[in-house]
Amino acid sequence: MNRGDYMLIDLSEVLSEPHKPLDVTAACTMRTFQGKAGVYPVVPEEDAHITAEYRGSGKLLINGECRLKVLIPCDRCLKEIPVEFDLNFTKRVLVSEPEEDSGQTEEYDEANYIDGYHLDVDKLLYNEILIGWPMKVLCCEDCKGMCSVCGQNLNEGTCDCEDPGLDPRMSVIRDVFKNFKEV
Ligand SMILES: [Zn+2]
Ligand SMILES: [Zn+2]
């Protein structure tokens, strides 16, 4: 087993020798995750363990394991929550066109993480984090959220703002009454 402290794995040896798997433990160097809605800090928990085996005819089989946490804000109160990603995946990649058409219609994964003879571990993990991204992140089941007026985290205390949950049509009526009183 090799140990690498960088995010690129050299595939040149494994690709020249079919059925002699490569077994690498590489540090996850990703420190932030660029998501659709923002940038999130990444806390690696365990090194990535990657195995790659060349099956011939351009077919590469990759197995990966990595445990890390991404700090994602709670959907309601925006407090950062460490969300654990226990990644464990298998990828079937075509690194070159098969020499002859074997007639097989196997499915291959898109390998934007392989560039020539190098496998980019961070890019590979990035895809897996994206796939496993939670639909919903809550700090707790009954998170009270935050005040939409002053931003107070309502789990940690209350504020003196008027109930922001009030129907806006009601506040119009309230304002009418207020004005009426002032006259
Ligand atoms: Zn919350
Ligand atoms: Zn408030």
Side-chain angles (χ1 to χ4, degrees), residues 3-9 24-51 62-93 107 109-115 119-183:
R3 234 210 94 92
D5 283 324
Y6 38 85
M7 61 180 189
L8 288 181
I9 294 177
V24 175
T25 299
C28 167
T29 50
M30 197 192 307
R31 289 297 173 269
T32 55
F33 180 86
Q34 175 77 57
K36 284 177 203 128
V39 179
Y40 309 90
V42 172
V43 184
E45 299 265 290
E46 255 175 29
D47 286 346
H49 181 213
I50 309 284
T51 62
I62 300 168
N63 274 294
E65 275 172 37
C66 186
R67 216 153 52 82
L68 52 83
K69 282 183 177 149
V70 183
L71 305 182
I72 308 174
C74 167
D75 286 346
R76 290 188 200 150
C77 72
L78 301 183
K79 185 180 166 187
E80 270 190 349
I81 307 303
V83 177
E84 184 158 318
F85 288 78
D86 202 348
L87 307 176
N88 192 337
F89 53 88
T90 301
K91 297 279 154 198
R92 296 149 54 78
V93 175
E107 291 263 333
D109 295 293
E110 232 182 276
N112 63 346
Y113 42 83
I114 292 181
D115 183 13
L119 188 155
D120 187 324
V121 177
D122 282 3
K123 256 189 202 166
L124 177 65
L125 297 179
Y126 179 94
N127 291 347
E128 295 305 309
I129 294 172
L130 203 60
I131 292 166
W133 198 259
M135 294 287 288
K136 202 170 189 172
V137 176
L138 288 179
C139 61
C140 58
E141 272 302 309
D142 55 352
C143 171
K144 296 189 185 80
M146 62 190 276
C147 170
S148 61
V149 179
C150 71
Q152 164 73 39
N153 183 333
L154 299 174
N155 300 308
E156 290 164 3
T158 53
C159 60
D160 296 325
C161 301
E162 289 185 52
D163 186 351
L166 219 58
D167 189 322
R169 283 168 298 178
M170 285 298 289
S171 66
V172 170
I173 292 170
R174 205 170 50 218
D175 288 344
V176 169
F177 273 110
K178 232 187 264 172
N179 294 338
F180 190 69
K181 254 190 282 176
E182 279 162 12
V183 172

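Counting starts at 1 for both ligands and their atoms, in listed order.
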Less than 4.5 Å apart, side chain to side chain, heavy atoms only: is that true for [X] and [Y]?
X	Y	answer
Pro73	Ile81	no
Met146	Gln152	no
Phe89	Leu125	yes

Testing the 3.5 Å rule here: is there a donor-acceptor pair between the side chains of Thr29 and Asp122?
yes

What's the separation between atom CZ in Phe85 and atom SG in Cys28, rounded to the nearest 0.5 Å?
12.0 Å

Can you tell me how far CG of Leu87 sits from SG of Cys66, rounded to the nearest 0.5 angstrom?
6.0 Å

Output side-chain donor-acceptor pairs under 3.5 Å for residues 127-142, partner residues at least two apart or in another chain, one line each.
{"residue": "Asn127", "atom": "ND2", "partner": "Asn112", "partner atom": "OD1", "Å": "3.0"}
{"residue": "Glu128", "atom": "OE2", "partner": "Lys91", "partner atom": "NZ", "Å": "3.0"}

Protein N, O or S within less than 2.8 Å of the Zn ion (ligand 1), waters excluded:
Cys74 SG, Cys77 SG, Cys139 SG, Cys143 SG

With sequence neighbours left out, write down each residue that passes side-chain hydrogen bond (donor to acceptor under 3.5 Å, both in side chains) with Asp120, or none if nothing qualifies.
none

Have a look around the Zn ion (ligand 2) and list protein N/O/S atoms under 2.8 Å, or say none.
Cys147 SG, Cys150 SG, Cys159 SG, Cys161 SG

Indicate the atoms forming the closest heavy-atom contact of Ala48 with Val121, along with that distance.
CB-CG1, 4.0 Å

